[in-house]
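Working notes, structure below.
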Amino acid sequence: MAQNLYGPGVRIGNWNEDVYLEEERMKDFLEKRNRGELIIQRNRRQKGTLLRQMELSVTNDGYIHYGDKVVVVNPDYLEKEADVYLPGDLSLCMTPEEMTAHLRDELEVPCGLSAAPVKNSVSRNTFMILSIHGKANGDILRYGENFCLGIMGVCEDKILYLTSDHRTLLKSSKKSWLQEVYLTDELSYLSCWQAACLDPQLRLEYEGFPIPANIKILINHCHTNRGLAAHRHLFISTYFGEEVEVAAHTHLDSHKVEKPKNHWMLVTGNPRKDSPTMLDLPRPLAEDTSTMEQAMSLGCSNIPATCT
């Protein structure tokens, strides 16, 4: 009995149109590949630029200077206001818009920011301390002085400055709806920041003193007087995965003291070859106050007559 048997060589329907369509698709694919316009090629170039290794400045006198390349880090702490948060030391990072990064080779300006775990100093998290008053590179940065934070390793001929402005109904941070922080290539007073001492009782006395490297400080926006803050409990989807939001807002506790969300460190390079940043060095025992308090409590419990 005869049966209708069809093999791959049998041409049915609009076979001629399908053949021409497949040839056009292959031709378009080869042309885009030769021009480097495939999404995977753009993705590799973008990540190669943003994740390029950078060398941080090494401080010889222990202070921060104009022209230094640093990583702006929010130190690790126990978040008590949220059950789910991102732990560890978080660095301030450039975060391009995901769809635009797939469609264009050049980064769109203004560009967003986020906070991600610190691993190495790369192009997207390495900032340079810049002066707006004409001070030379190498001069010591002091408390209360206006300065700028700029990224230079991403765009060839541009410097992207850390900038912020008052929030509006159309312009605010994505998750918290607070004052937005972003990167732009236009230098203005909106890009000026100041460093303040962490202790509010010593803040006025520290005005004009040099800023030591790798210690906790406050970074305040000059125009709005808002502190740079990392919101570890507000996750955002970025071009590099899930990271947390960065905004400009001063979070105060019941004693009118800034919370750890506003604490930052200007981390410099490690002169040793075994680690890239000073964060990798073990913490001195004298700086660990919890260890000292435990030792003192143990000493008091063992020798009650002396302690009382």
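Everything numeric in this text was worked out from a predicted model, so none of it was measured. In what follows, residues are counted from 1 in the order of the sequence shown.
- Here the straight-line distance linking atom CZ of Arg35 with atom CG of Leu30 works out to 11.0 Å at 0.5 Å rounding.
- Side-chain atoms of Asn220 never come within 3.5 Å of backbone atoms of Asn225 as a donor-acceptor pair (strictly under, hydrogens ignored).
- Annotation for Cys222 and Gln194: closest pair SG-CG, 3.5 Å, computed over non-hydrogen atoms.
- Side-chain contact between Pro75 and Lys216: present, with at least one pair of heavy atoms (C-beta onward) separated by less than 4.5 Å.
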Task: Check against side chain to side chain contact (heavy atoms under 4.5 Å, CB included), Tyr189 and Asn146 - done: CA-CA 9 Å; Tyr189 188 64; Asn146 294 355; 4.2 Å; yes
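- Expressed to the nearest 0.5 Å, how far CD of Glu81 lies from NE2 of His233 amounts to 7.0 Å.
- Counting non-hydrogen atoms of other residues, nucleotides and ligands closer than 6.0 Å to CD of Glu31 gives a total above 12.
- Clustering ILVMFWY residues whenever any of their side-chain heavy atoms sit less than 4.5 angstrom apart, transitively, puts Leu86 in a cluster other than the one holding Met265.
- The side-chain heavy atoms of Tyr77 and Arg232, taken from C-beta on, include a pair separated by under 4.5 Å.
- Hydrophobic cluster membership is shared by Phe147 and Leu228, with clusters built from Ile, Leu, Val, Met, Phe, Trp and Tyr side chains linked at under 4.5 angstrom.
- Of the options Lys32, Glu24, Met26, a side chain to side chain contact (heavy atoms under 4.5 Å, CB included) to Asp28 is made by Lys32 and by none of the others.
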TODO: Please report the C-alpha distance between Val70 and Val267 in whole Å, then the side-chain angles of each, then the deciding distance to 0.1 Å, and finally whether the side chain to side chain contact (heavy atoms under 4.5 Å, CB included) criterion is met.
DONE: CA-CA 5 Å; Val70 298; Val267 179; 5.8 Å; no
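- At least one side-chain heavy atom of Cys192 sits less than 4.5 Å from a side-chain heavy atom of Ile132.
- To the nearest 0.5 Å, atoms SG (Cys111) and CD (Glu97) are separated by 9.5 Å.
- Taking CG from Leu266 and CD1 from Ile64, the interatomic distance works out to 5.0 Å, rounded to the nearest 0.5 Å.
- Residue Glu207 places its CD atom among more than 12 non-hydrogen atoms of other residues, nucleotides or ligands, all under 6.0 Å distant.
- Not one N or O on the side chain of Thr163 forms a donor-acceptor pair closer than 3.5 Å with the backbone of Leu190.
- For the residue pair Thr184 and Val109, the shortest heavy atom distance occurs at CA-CG1, 3.8 Å.
- With Ser57 contributing its side chain and Lys69 its backbone, the two residues share a donor-acceptor pair below 3.5 Å.
- Atom CZ of Phe127 sits about 9.0 Å away from atom CG of Leu160, to the nearest 0.5 Å.
- The two residues Ile140 and Tyr66 come nearest to each other via the heavy atoms O-CE1, 3.9 Å.
- Across all non-hydrogen atoms, the minimal contact from Leu162 to Trp193 is O-NE1, 2.9 Å.
- In this structure a side-chain-to-backbone donor-acceptor pair under 3.5 Å is missing from Asn120 to Val122.
- For Asn262 and Thr250, the side-chain atoms include no donor-acceptor pair closer than 3.5 Å.
- Panel note: side chain Arg226, backbone Leu178; no donor-acceptor pair is recorded below 3.5 Å.
- The heavy-atom pair separating Pro96 from Leu107 by the smallest distance is CB-CD2, 3.8 Å.
- Applying the 6.0 Å contact sphere to CD1 of Ile40 captures no more than 12 heavy atoms from other residues, nucleotides or ligands.
- His221 and His223 have perpendicular rings, their planes meeting at more than 60° on a 0 to 90° scale where under 30° would count as parallel.
- Under the 3.5 Å distance criterion, with hydrogens and angles disregarded, no donor-acceptor pair is assigned to the side chains of Gln179 and Asp165.
- Cluster membership for Phe235 and Met94, using ILVMFWY side-chain heavy atoms within less than 4.5 angstrom, is not shared.
- Between the side chain of Ser121 and the backbone N or O of Thr126 there is no donor-acceptor pair closer than 3.5 Å.
- Under the 4.5 Å side-chain heavy-atom criterion for grouping Ile, Leu, Val, Met, Phe, Trp and Tyr, Val72 is not connected to Tyr182 through any hydrophobic cluster.
- Geometrically, Lys47 engages Tyr239 in a cation-pi contact, judged by NZ or CZ lying under 6.0 Å from the ring centre and within 45° of the ring axis.
- Other residues, nucleotides and ligands place more than 12 heavy atoms under 6.0 Å from the CG atom of Asn34.
- Within the 4.5 Å cutoff, the side chain of His231 has heavy atoms near those of the His251 side chain.
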Task: Working for side chain to side chain contact (heavy atoms under 4.5 Å, CB included), residues Leu130 and Ile159 - done: CA-CA 10 Å; Leu130 302 173; Ile159 300 178; 4.0 Å; yes
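- Residues Asn125 and Val73 are not in side-chain contact: their nearest non-hydrogen atoms beyond the backbone lie 4.5 Å or more apart.
- Leu202 and Ile217 end up in the same hydrophobic cluster when Ile, Leu, Val, Met, Phe, Trp and Tyr side chains are linked at under 4.5 Å.
- Between Val244 and Leu234 there is no side-chain heavy-atom pair separated by less than 4.5 Å.
- Ser173 places no side-chain N or O within donor-acceptor distance of the main-chain N or O of Lys175, the cut-off being under 3.5 Å.
- Between the Arg203 side chain and the Leu198 main chain, a donor and an acceptor come within less than 3.5 Å of each other.
- The closest side-chain donor-acceptor pair between Thr59 and Asp61 falls under 3.5 angstrom.
- From His249, atom NE2 reaches atom NZ of Lys259 across 9.0 Å, with rounding to the nearest 0.5 Å.
- Taking the side chain as every heavy atom from C-beta outward, Tyr63 and Asp68 never approach each other to under 4.5 Å.
- Cation-pi contact between Arg124 and Phe240: present, with separation from the ring centre below 6.0 Å and deviation from the ring axis of at most 45°.
- Judged by distance alone, with hydrogens and angles left aside, the side-chain atoms of Ser164 form a donor-acceptor pair with the main-chain N or O of Glu180 at under 3.5 Å.
- Between Leu187 and Ser191, the shortest heavy-atom distance links the atoms CD1-CB, 4.2 Å.
- Looking only at atom types and distance, the side chain of Tyr143 has no donor-acceptor partner in the side chain of Glu145 under 3.5 Å away.
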TODO: Given side chain to side chain contact (heavy atoms under 4.5 Å, CB included), test Ile129 with Leu149 step by step and report yes or no.
DONE: CA-CA 5 Å; Ile129 308 295; Leu149 289 171; 3.4 Å; yes
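- Inter-residue side-chain proximity for Leu218 and His263 is flagged as met; some heavy-atom pair is nearer than 4.5 Å.
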